[in-house]
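One structure is given here, and the rest of the page talks about it.
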Amino acid sequence: MKKLAGIWTALLLTAIMISGCGNAAGEKDSNAKQKTAASEAFPVTIEDGSNQDVTIKKEPKKIVSLMPSNTEITYALGLGDKVVGVTTNDTYPKEVKQVEKVGDMNVNVEKVISLKPDLVLAHESSMSASADAIKQLKDAGIAVLTVNDAQSFAEVYKSIEMIGEAAGAEKKAGQLVNSMKSDLHEIKEKAKSISKDEEKSVFIEVSPDPDIYTTGKDTFMNEMLNVIHAKNAAADQKGWVQMTDEAIVKLNPDAIVTTDGVKADAVEKRDGWSGINAVKHHRVYDVDPDLVTRSGPRLIEGVEELAESIYPDTFKE
């Protein structure tokens, strides 16, 4: 009996080992298939944010990003190991601290070329400032993709899909977009409990005094407020607009949100602002600017932070 038990034990161990080897082989085969599928997607031609057709001949091995939102998207797509250059404005994820810097709004063309990238991710918002640099990079034979300047969630999803297609991570981009949509849906469902009478008007400060700018309609920040059933106090304006102290006092918002690093107590001490409802009731909140101003994967976190600040009873668990 002992001999028989030993035989069964040996057979069982052999089966486990075979199964383990089979799983490992399966995983390797799956990864190989994914890499093959990505490679076979090239060459690919994409109409970018500058309305130009950009052809990427083969799957990029080295990527340079000229905008923090592009960088965040690239890392979220699992392509961080391919990023060889970013700007000095890049702060997330933490790994970018170790990546070579290629300037800020002013691109160091020589530095970019020296990194020998297969793909440079530019941005529509900086087209005029970096036009000469982009031309030089293209003349050097480098594929430059200008990512669209997203002003809505739909356009953010487009940015993610564009970068995913250009970098050989189309499937991952689709998964990321679906995940963001799902998380946003959950926030919308929770916001349904806020009645019309409970909705607060909100003034968003995106740059401090003396040149205070806010966000009007046709911006993703306006859409973020709509998602959580808050009213943009400056919704009659369009895009990013400058406003005077007098105009802000006249708006008399129920809440003020700063995205420029200015703390609540500093806002409440401003001359002439003491009569604003938000100041009187101490509803002034400073939020992480990167979460609400960068048109990338973390925008959903920005919506959550806005919601928890403006409607803590509804959104804070």
Side-chain angles (χ1 to χ4, degrees), residues 26-87 90 92-93 95-96 99 112 115-127 134 137-138 141-185 220 223 294-301:
E27 287 178 10
K28 287 181 180 179
D29 187 50
S30 177
N31 291 335
K33 285 181 179 179
Q34 288 180 23
K35 288 181 179 178
T36 301
S39 298
E40 289 177 350
F42 295 88
V44 63
T45 299
I46 303 168
E47 184 180 351
D48 71 1
S50 64
N51 298 318
Q52 301 291 315
D53 286 339
V54 179
T55 298
I56 297 114
K57 296 179 180 179
K58 58 183 180 179
E59 183 181 353
K61 302 299 181 186
K62 292 182 178 181
I63 299 172
V64 169
S65 171
L66 304 182
M67 183 64 65
S69 56
N70 291 346
T71 305
E72 292 198 18
I73 291 171
T74 305
Y75 273 86
L77 294 177
L79 303 169
D81 59 336
K82 295 185 177 184
V83 178
V84 296
V86 296
T87 74
D90 283 80
Y92 187 89
E95 288 82 2
V96 299
V99 179
V112 174
L115 296 173
K116 299 179 180 179
D118 308 297
L119 177 64
V120 170
L121 298 173
H123 200 267
E124 184 184 0
S125 66
S126 60
M127 278 177 60
I134 298 304
L137 293 173
K138 288 181 177 180
I142 298 171
V144 179
L145 185 80
T146 301
V147 179
N148 60 307
D149 185 18
Q151 297 301 328
S152 67
F153 281 103
E155 291 178 359
V156 172
Y157 302 149
K158 181 180 178 181
S159 300
I160 293 170
E161 290 165 348
M162 185 185 297
I163 292 175
E165 185 178 6
E170 201 166 358
K171 183 178 179 181
K172 183 72 174 181
Q175 293 171 341
L176 177 58
V177 167
N178 288 337
S179 176
M180 290 176 68
K181 288 180 178 179
S182 176
D183 291 343
L184 190 63
H185 177 72
F220 60 78
E223 187 176 358
R294 290 184 181 176
S295 51
R298 294 194 296 160
L299 268 187
I300 307 302
E301 294 178 45

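The chain is numbered in sequence order, starting from 1.
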Steps toward side-chain contact (heavy atoms from CB on, under 4.5 Å) verdict (V112, L137) | CA-CA 8 Å; V112 174; L137 293 173; 3.6 Å; yes

Verdict with supporting geometry, K82 and E59, salt bridge (Lys or Arg N to Asp or Glu O under 4.0 Å) = CA-CA 11 Å; K82 295 185 177 184; E59 183 181 353; 3.0 Å; yes

Please test M127 against T146 for side-chain contact (heavy atoms from CB on, under 4.5 Å), starting from the C-alpha separation and ending with a verdict.
-> CA-CA 8 Å; M127 278 177 60; T146 301; 3.9 Å; yes

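Here the side chain of S65 pairs a donor or acceptor atom with the backbone of M67 at under 3.5 angstrom. Proximity of a side-chain donor or acceptor of E155 to a complementary backbone N or O of Q151 within less than 3.5 Å is detected. Judged by distance alone, the side chain of E223 and the main-chain N or O of F153 form a donor-acceptor pair under 3.5 Å. Under a 3.5 Å cut-off, the side chain of D90 and the backbone N or O of T87 do form a donor-acceptor pair. Of the possible donor and acceptor atoms, none in the side chain of S126 sits under 3.5 Å from a partner among the backbone N and O of A122. A distance-only check finds a donor-acceptor pair linking the side chain of N70 to the backbone of L121 [under 3.5 Å].
Under the 4.5 Å side-chain criterion, counting only non-hydrogen atoms from C-beta, L77 is in contact with I160. At least one side-chain heavy atom of I163 sits less than 4.5 Å from a side-chain heavy atom of T74. Within the 4.5 Å cutoff, side-chain heavy atoms of V64 are placed close to those of L66. Annotation: side chain of N51 is in contact with side chain of E47 (closest heavy-atom distance under 4.5 Å). V96 has its side chain within reach of Y75: a pair of non-hydrogen atoms, C-beta onward, lies under 4.5 Å apart. A 4.5 Å side-chain heavy-atom check between F42 and K57 finds every atom pair outside the cut-off. At least one side-chain heavy atom of S295 sits under 4.5 Å from a side-chain heavy atom of F220. P43 is not listed as a side-chain neighbour of I56, based on a closest heavy-atom distance of 4.5 Å or more.
Of the inter-residue distances, the one linking E165 atom CD with T45 atom OG1 reads 9.0 Å to the nearest 0.5 angstrom. To the nearest 0.5 Å, atom CG of residue D118 and atom CD1 of residue I63 are 8.0 Å apart. Here the straight-line distance linking atom CD of E301 with atom CE of M180 works out to 9.5 Å at 0.5 Å rounding. Note that NZ of K62 and NZ of K116 are 6.5 Å apart. Values are rounded to the nearest 0.5 Å. The distance from the CD atom of E124 to the OG atom of S50 is 8.0 Å, given to the nearest 0.5 Å. A distance of 12.0 Å separates CG in D183 from CG in L299, rounded to the nearest 0.5 Å.
The one candidate from N148, V144, V147, V54 that meets the side chain to side chain contact (heavy atoms under 4.5 Å, CB included) condition with D48 is V54.
Taking each heavy atom of A76 and L176 in turn, the nearest pair found is CB-CD2, 3.8 Å. Smallest separation of non-hydrogen atoms from G296 and V156: O-CG1, 4.0 Å. A150 and S159 make their closest contact through CB-OG, 4.0 Å (heavy atoms, listed as atom of the first residue, atom of the second, distance). Looking at every heavy atom in both residues, I73 comes nearest to P297 through CG1-CD, 3.6 Å.
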